[in-house]
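The block underneath contains the structure these notes are about, expressed in structure tokens.
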There are 2 protein chains.
Amino acid sequence: MSAITERRERERAHRHQLIITAARELAEAEGWEAVTTRRLAERVEYSQPVLYSHFNGKDAIVSAVAIDGFSELAAHLRRARLAAPEPGQTLRAVCRAYLEFATERPALYQAMFVLPTDLKFASAQTPPPLRAAFDEFVSCFRPDNDRRELFAEFTWSALHGMAVLSDSGRIPPDGQEERLDFLVTQIAGTPRG
Amino acid sequence: MSAITERRERERAHRHQLIITAARELAEAEGWEAVTTRRLAERVEYSQPVLYSHFNGKDAIVSAVAIDGFSELAAHLRRARLAAPEPGQTLRAVCRAYLEFATERPALYQAMFVLPTDLKFASAQTPPPLRAAFDEFVSCFRPDNDRRELFAEFTWSALHGMAVLSDSGRIPPDGQEERLDFLVTQIAGTPRG
DNA sequence: CAGGATGTCTAGCGTTGCTAGGATGTCGCC
DNA sequence: GGCGACATCCTAGCAACGCTAGACATCCTG
């Protein structure tokens with residue numbers, strides 16, 4: 001492979017990421033309904049069809065944003081977990097970090113969990129970043145707990161429900177801290193929790 | 001008011017409901033992305049503009065379906081609660097009924113909780129059926145529990161998270177019963193739960 | 001029976017996601 | 001260096017979307 005085609009592939013990869021970040025910024029600024037292929041193309045200063053030379057369609061772009069989001073979420077949770085003052089506080093710290101993430105980046109969170117997406121979950125093709133984020137929850141529980149996965153699934157589900165119902169105003173958003181406290185004390189009171 | 005205009009209003013109300021049920025059936029059969037104003041108009045055997053003489057727009061139709069759904073959900077939960085064999089089993093029965101509802105009517109559930117909607121929640125204009133459904137959860141806890149609302153909000157959040165993550169395949173759907181059991185035993189172990 | 005209000009439809013606007021086909025530019029080969 | 005082959009990109013357009021203006025028909029009222 002010549003150096004020229006190498007440069008081209010570099011540029012192409014760069015543009016690939018440019019599209020993803022542009023979509024994300026646009027969504028975070030004006031919501032996903034404002035992210036149209038035309039506006040996105042204009043933003044990256046190319047015509048519409050180049051988007052389709054990088055992605056199979058709009059859904060694929062959203063999925064790419066979501067995968068980036070999973071990486072960030074995993075890192076965010078990991079940071080919170082390691083920064084927890086004492087072992088008994090890790091679960092609370094990670095849960096709080098999760099809700100923080102959801103409320104501070106609502107559009108990104110939507111791409112990851114609400115919008116229709118091409119991603120395959122709970123299968124062999126599960127994106128590693130998603131698995132990494134999930135494992136942060138698993139790590140909150142003691143290794144000798146043979147139901148760690150169940151604990152993590154449940155915790156995640158509860159947090160997701162709280163995040164999305166609160167974001168859409170279906171439960172009062174200001175009660176979030178109280179509900180978080182409830183969740184953590186419930187689970188902490190469990191053997192090997 | 002003349003008898004004629006009365007008949008007209010009756011017919012109009014009938015058609016109003018016809019639109020709602022048609023939208024719901026179409027969504028349940030082929031998903032909400034298949035519910036377009038054109039197909040809906042064709043289905044009720046009127047032209048498109050009549051839809052707009054009944055509703056402010058497509059979102060308003062979805063909202064109307066959602067409100068019907070809340071009524072059904074409230075009735076469904078109520079039935080389960082009253083049919084519970086003993087007081088200690090009511091929470092489990094209601095939670096199971098909730099998950100049943102979500103998995104058996106996924107499109108209806110989406111209209112109620114996922115799709116963009118005109119509805120105002122947690123405010124004075126909260127639709128009574130939604131409040132009724134929520135109250136079914138509250139009724140699962142003892143009246144002397146001064147944190148019943150919190151308990152109910154949390155339970156609902158957890159169930160919603162489980163329902164939606166399972167439906168989208170983000171957590172394994174076959175672990176649902178186990179997670180339900182986990183939720184119920186966690187909360188039941190609480191004082192005045 | 002005429003006049004006006006009511007109800008409904010045809011037709012079309014602007015926007016959406018997506019794609020075909022031509023124009024432009026770049027590369028490797030003789 | 002010139003030329004065919006190839007890759008890249010854009011203009012233009014398609015079908016379908018939500019929604020609406022304005023014409024047509026229909027029916028009640030005076």
Side-chain angles (χ1 to χ4, degrees), chain A residues 1-20 22-24 26-27 30-66 107 110-111 115-119, chain B residues 1-20 22-24 26-27 29-66 107 110-111 115-118:
Chain A
M1 177 181 303
S2 81
I4 290 158
T5 56
E6 270 185 24
R7 171 185 54 84
R8 281 208 190 158
E9 288 202 358
R10 260 202 323 273
E11 288 174 351
R12 187 174 172 78
H14 179 261
R15 197 175 54 182
H16 188 91
Q17 191 58 40
L18 184 67
I19 294 172
I20 297 177
R24 173 176 166 171
L26 197 49
E30 310 182 33
W32 279 105
E33 73 280 356
V35 181
T36 70
T37 56
R38 279 169 235 272
R39 287 197 64 183
L40 191 52
E42 185 188 13
R43 190 130 167 170
V44 298
E45 297 179 310
Y46 282 93
S47 70
Q48 268 185 297
V50 299
L51 302 180
Y52 294 89
S53 77
H54 284 271
F55 301 94
N56 270 340
K58 192 186 169 181
D59 287 359
I61 299 179
V62 177
S63 299
V65 173
Q110 268 191 26
L115 263 47
T117 174
D118 293 350
L119 297 181
Chain B
M1 179 180 301
S2 83
I4 291 158
T5 56
E6 271 185 24
R7 171 186 53 86
R8 281 207 189 157
E9 290 202 355
R10 260 201 323 273
E11 289 174 350
R12 187 175 171 78
H14 178 261
R15 198 175 53 183
H16 188 92
Q17 190 60 39
L18 185 67
I19 294 172
I20 297 176
R24 172 177 167 172
L26 197 48
E30 309 183 33
W32 279 105
E33 74 281 356
V35 181
T36 71
T37 56
R38 280 169 234 272
R39 287 198 64 183
L40 191 51
E42 185 187 13
R43 188 130 168 171
V44 297
E45 297 179 310
Y46 283 93
S47 69
Q48 268 184 298
V50 301
L51 302 180
Y52 295 89
S53 77
H54 284 270
F55 301 93
N56 270 340
K58 192 187 171 183
D59 287 359
I61 299 180
V62 177
S63 299
V65 173
Q110 268 190 25
L115 264 49
T117 175
D118 293 350

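So you know, we letter chains A, B, ... as the sequences are listed, proteins then strands, and number each from 1.
If you check residues 30-44 of chain B against DNA chain D, the residues with a heavy atom closer than 4.0 Å are B:V35, B:T36, B:T37, B:R38, listed by number.
One interatomic measurement links the two molecules: NE2 of B:H54 to P of D:dC19, which rounds to 16 Å at whole-angstrom precision. Distance CD (A:E45) to C1' (D:dC9): 15 Å, rounded to an integer number of Å. The nearest whole Å value for the distance from the OH atom in A:Y46 to the P atom in D:dC10 is 7 Å. As rounded to whole Å, 18 Å separates atom C1' of C:dG7 from atom OH of B:Y52. Straight-line distance from the CD1 atom of B:I19 to the P atom of C:dT8: 10 Å, rounded to whole Å. Between the NZ atom of B:K58 and the P atom of D:dC19 there is a distance of 8 Å, rounded to whole Å. Counting to the nearest Å, the C1' atom of C:dG7 and the CG atom of B:L51 are 14 Å from each other.
Within 3.5 Å, no donor on the side chain of B:Q48 pairs with an acceptor on the base of C:dC9, nor the reverse.
Within the structure, every pair that satisfies the salt bridge (charged side-chain N to carboxylate O under 4.0 Å, His left out) test and touches residues 42-52 of chain B, not counting sequence neighbours, is listed here: B:E25-B:R43.
Summarising the geometry, atom OH belonging to B:Y46 is positioned 8.0 Å from atom CG belonging to B:L18; distances are rounded to the nearest 0.5 Å. The distance from the NZ atom of A:K58 to the CG atom of A:L115 is 8.0 Å, given to the nearest 0.5 Å.
B:R39 pairs by the salt bridge (Lys or Arg N to Asp or Glu O under 4.0 Å) definition with B:E30, not counting sequence neighbours.
Heavy-atom nearest nucleotides on DNA chain C were determined for B:P49 and for A:N56, and the one closer to the 5' end corresponds to B:P49.
For the pair B:I20/B:F55, a side-chain contact is recorded, criterion being any heavy-atom separation below 4.5 Å from C-beta on.
Contact between the side-chain N/O atoms of A:R15 and the OP1/OP2 oxygens of D:dT8 is not found at any separation under 4.0 Å.
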* **Criterion side-chain contact (heavy atoms from CB on, under 4.5 Å) on B:I19 and B:L51, from CA distance to verdict** => CA-CA 8 Å; B:I19 294 172; B:L51 302 180; 3.8 Å; yes

